[in-house]
Protein chains: 2
Amino acid sequence: MNLQPPRTRIQRKNTENILNAGLEVFSRHGFRGATLDQIAAEAGLSKPNLLYYFPSKEAIHVTLMDRLMQTWLDPLRKLDAGGDPVAELLAYVRRKLQMSRDFPRESKLFANEILQGAPRMLAALEGDLKRLVDEKATVIAGWSRAGRLARIDPHHLIISIWALTQHYADFDVQIRAVLGPGHDPMTEAESYLVTLFTKLLTPEG
Amino acid sequence: MNLQPPRTRIQRKNTENILNAGLEVFSRHGFRGATLDQIAAEAGLSKPNLLYYFPSKEAIHVTLMDRLMQTWLDPLRKLDAGGDPVAELLAYVRRKLQMSRDFPRESKLFANEILQGAPRMLAALEGDLKRLVDEKATVIAGWSRAGRLARIDPHHLIISIWALTQHYADFDVQIRAVLGPGHDPMTEAESYLVTLFTKLLTPEG
DNA sequence: CCTGTTCTTGACCGATTGGTCAAAAAGAAC
DNA sequence: GTTCTTTTTGACCAATCGGTCAAGAACAGG
């Protein structure tokens, strides 16, 4: 309904079911490709019942996007300016890759939104995200200048961490097809990416 | 119509218009999110007129996917086992990045298909693509063993080249938002990625 | 010009879309 | 059990979906 924090247990449960179903459907088909009937079926509810909890398809999507932006920013927030540069960045890579492994649907939902031109997320990208990235980029640049990190463009470094880690979630079908059976892409990715970024970031290579 | 190679000029032109419009719409909204009316409008045709050239929405998509798979494989095909290892791989990176710059819609169409689980492309991924990748991975492994290239997992190297180059096309909105105005992501990406892969691939680093 | 083919279109179809509504069912409080 | 609120649902709506069709318009070749 319209009460912001769901009160009864049944409200909490159904709201959560709907968001989970929405995540499933939106992440696979995008906003326009997803249907309320599909989401309702996935959530185990009738369509009117679903619309009792969320006023519209868009409302479900907006709620998901809000949550998503927070989850998405979290790993970068934890990058500690006081820690060891290489170790901190490697830990960030690991956190991001863990998110790809544990929340592939969230990663795909995000990818879908960006692919469509981020119509419902552009403000957050240019606001919160840009601010956070600029802040952390300054930290990285400082490390680089102090010789504690290889010389590297901080913004593009962050972008390449996103690209490499998210790719393993978003393109997992392709990766599995190319690697063939008997591979665990995520496990292989972790050691591969740690090696890659160690080589890339360690100063005086 | 049903004749495979379009004969008249008007057929060629309209077919091309439709495919171009389909690329535009499918790459932004995915298969289910795209509508025939949208594609028809984009192509400057009426809907029945569009269906005079293609029997169905799916037929347009299939045609686009066939073309896409070829364009997508081409840059990797050109990787020459006889050339200099690092130079060959850097050239591959540049080719892939050029594709991201020159054909961003194709890249997004591909990303959309994979995100949705590659329902109309899985066979090609497990067939042509896997064969080609395995072949080139063998070449790379040979280079690595001969000490002409840094030790690296060939499959994941190829995957990371895909991830890094395609990201600049698929996530351009986010990248522009994060970099802010006054940046040319693609130009910056080229020098950044060349530096990155030089460092990564040059032996005895 | 005429004739046959190619191309284009308006009207239309059943199915599905996002969403409404009134009324019934299920809980909760007493 | 009665009453009040919360939850659920079947029936329904206008708009849009992918696709059909018959008839007309434009274009050939002669």
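Chain letters run A, B, ... following the sequence lines, proteins first, then strands; residues in each count from 1.
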Undergrad: With under 30° as parallel and over 60° as perpendicular, where do the rings of Trp72(B) and Trp162(B) fit, or are they tilted in between?
TA: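 Ring orientation of Trp72(B) relative to Trp162(B): perpendicular.
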
Undergrad: OP1 or OP2 of dT6(C) sitting under 4.0 Å from any side-chain N/O of Gln11(B)?
TA: no

Undergrad: With His167(A), which residues qualify under side-chain hydrogen bond (donor to acceptor under 3.5 Å, both in side chains), at least two apart?
TA: none

Undergrad: Taking only N and O in the side chain of Ser46(A), is any of them less than 4.0 Å away from OP1 or OP2 of dT8(D)?
TA: no

Undergrad: If the condition is ring pair (Phe, Tyr, Trp, His ring centres under 6.0 Å), which residues does His29(A) pass it with, not counting sequence neighbours?
TA: none

Undergrad: Sequence neighbours excluded, which residues qualify as side-chain hydrogen bond (donor to acceptor under 3.5 Å, both in side chains) partners of Ser160(B)?
TA: Tyr192(A)

Undergrad: Just to verify, what does Arg151(A) make a side-chain hydrogen bond (donor to acceptor under 3.5 Å, both in side chains) with, not counting sequence neighbours?
TA: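 With sequence neighbours excluded, Arg151(A) shows a side-chain hydrogen bond (donor to acceptor under 3.5 Å, both in side chains) to no residue whatsoever.
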
Undergrad: Indicate whether OP1 or OP2 belonging to dT8(D) is found under 4.0 Å from a side-chain N or O atom of Tyr53(A).
TA: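 For Tyr53(A), the contact criterion (side-chain N or O under 4.0 Å from OP1 or OP2 of dT8(D)) is met.
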
Undergrad: Return no unless some side-chain N or O of Asn49(B) is found under 4.0 Å from OP1 or OP2 of dC7(C).
TA: no

Undergrad: Taking only the side-chain nitrogens and oxygens of Tyr52(A), find out if one of them lies under 4.0 Å from OP1 or OP2 of dT8(D).
TA: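 Answer no for this pair, as no side-chain N or O of Tyr52(A) is under 4.0 Å from OP1 or OP2.
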
Undergrad: For DNA chain C, which residues of residues 16-30 of chain B approach it to below 4.0 angstrom with any heavy atom?
TA: none

Undergrad: Please tell me if Asn14(A) has a side-chain N or O lying less than 4.0 Å from either OP1 or OP2 of dT8(D).
TA: yes

Undergrad: Without decimals, in angstroms, what is the distance between Arg9(A) CZ and dT7(D) C1'?
TA: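 The answer, rounded to whole Å, is 15 Å.
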
Undergrad: Show me the pairs that pass salt bridge (Lys or Arg N to Asp or Glu O under 4.0 Å) and involve residues 155-176 of chain A, at least two apart or across chains.
TA: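 Of all non-adjacent pairs touching residues 155-176 of chain A, those that pass salt bridge (Lys or Arg N to Asp or Glu O under 4.0 Å) are Lys108(A)-Asp172(A).
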
Undergrad: Would you please name every residue forming a ring pair (Phe, Tyr, Trp, His ring centres under 6.0 Å) with Phe31(B), sequence neighbours left out?
TA: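 Result, ring pair (Phe, Tyr, Trp, His ring centres under 6.0 Å) vs Phe31(B): Phe26(B), His61(B).
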
Undergrad: Please identify each residue that fulfils side-chain hydrogen bond (donor to acceptor under 3.5 Å, both in side chains) with Asn14(A), with sequence neighbours left out.
TA: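 Asn14(A): side-chain hydrogen bond (donor to acceptor under 3.5 Å, both in side chains) contacts with Tyr53(A).
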
Undergrad: Could you state the CG-C1' distance from Leu50(B) to dT9(C), rounded to the nearest angstrom?
TA: 13 Å

Undergrad: To 10°, what angle do the rotation axes through the five end pairs on each side of the helix from dC1(C)-dG30(D) to dC30(C)-dG1(D) form?
TA: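 Here the helix ends are tilted 20° relative to one another.
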
Undergrad: Quick one: list whatever passes side-chain contact (heavy atoms from CB on, under 4.5 Å) with Gln70(A), sequence neighbours left out.
TA: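 Applying side-chain contact (heavy atoms from CB on, under 4.5 Å) to Gln70(A) gives Arg77(A).
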
Undergrad: Under the salt bridge (Lys or Arg N to Asp or Glu O under 4.0 Å) rule, what pairs show up with a residue in residues 38-54 of chain A, not counting sequence neighbours?
TA: Asp37(A)-Lys47(A)

Undergrad: What nucleic acid atoms does Leu45(A) come within less than 4.0 Å of, heavy atoms only: base, sugar-phosphate, or nothing?
TA: nothing

Undergrad: Answer whether the closest heavy-atom distance between the side chains of Asp153(B) and Thr195(A) falls below 4.5 Å.
TA: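 Counting from C-beta outward, Asp153(B) and Thr195(A) never come under 4.5 Å.
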
Undergrad: With the criterion being N/O to N/O and under 3.5 Å, what pairs connect the protein with nucleotides 18-22 of chain D, and how long is each?
TA:
{"unit_1": "dG18(D)", "atom_1": "OP1", "unit_2": "Ala34(B)", "atom_2": "O", "d": "3.1"}
{"unit_1": "dG18(D)", "atom_1": "OP1", "unit_2": "Leu36(B)", "atom_2": "N", "d": "3.4"}
{"unit_1": "dG18(D)", "atom_1": "OP1", "unit_2": "Lys57(B)", "atom_2": "NZ", "d": "3.1"}
{"unit_1": "dG18(D)", "atom_1": "OP2", "unit_2": "Leu36(B)", "atom_2": "N", "d": "2.8"}
{"unit_1": "dG18(D)", "atom_1": "N7", "unit_2": "Lys47(B)", "atom_2": "NZ", "d": "3.0"}
{"unit_1": "dG19(D)", "atom_1": "OP2", "unit_2": "Lys57(B)", "atom_2": "N", "d": "2.8"}
{"unit_1": "dG19(D)", "atom_1": "O6", "unit_2": "Lys47(B)", "atom_2": "NZ", "d": "3.4"}

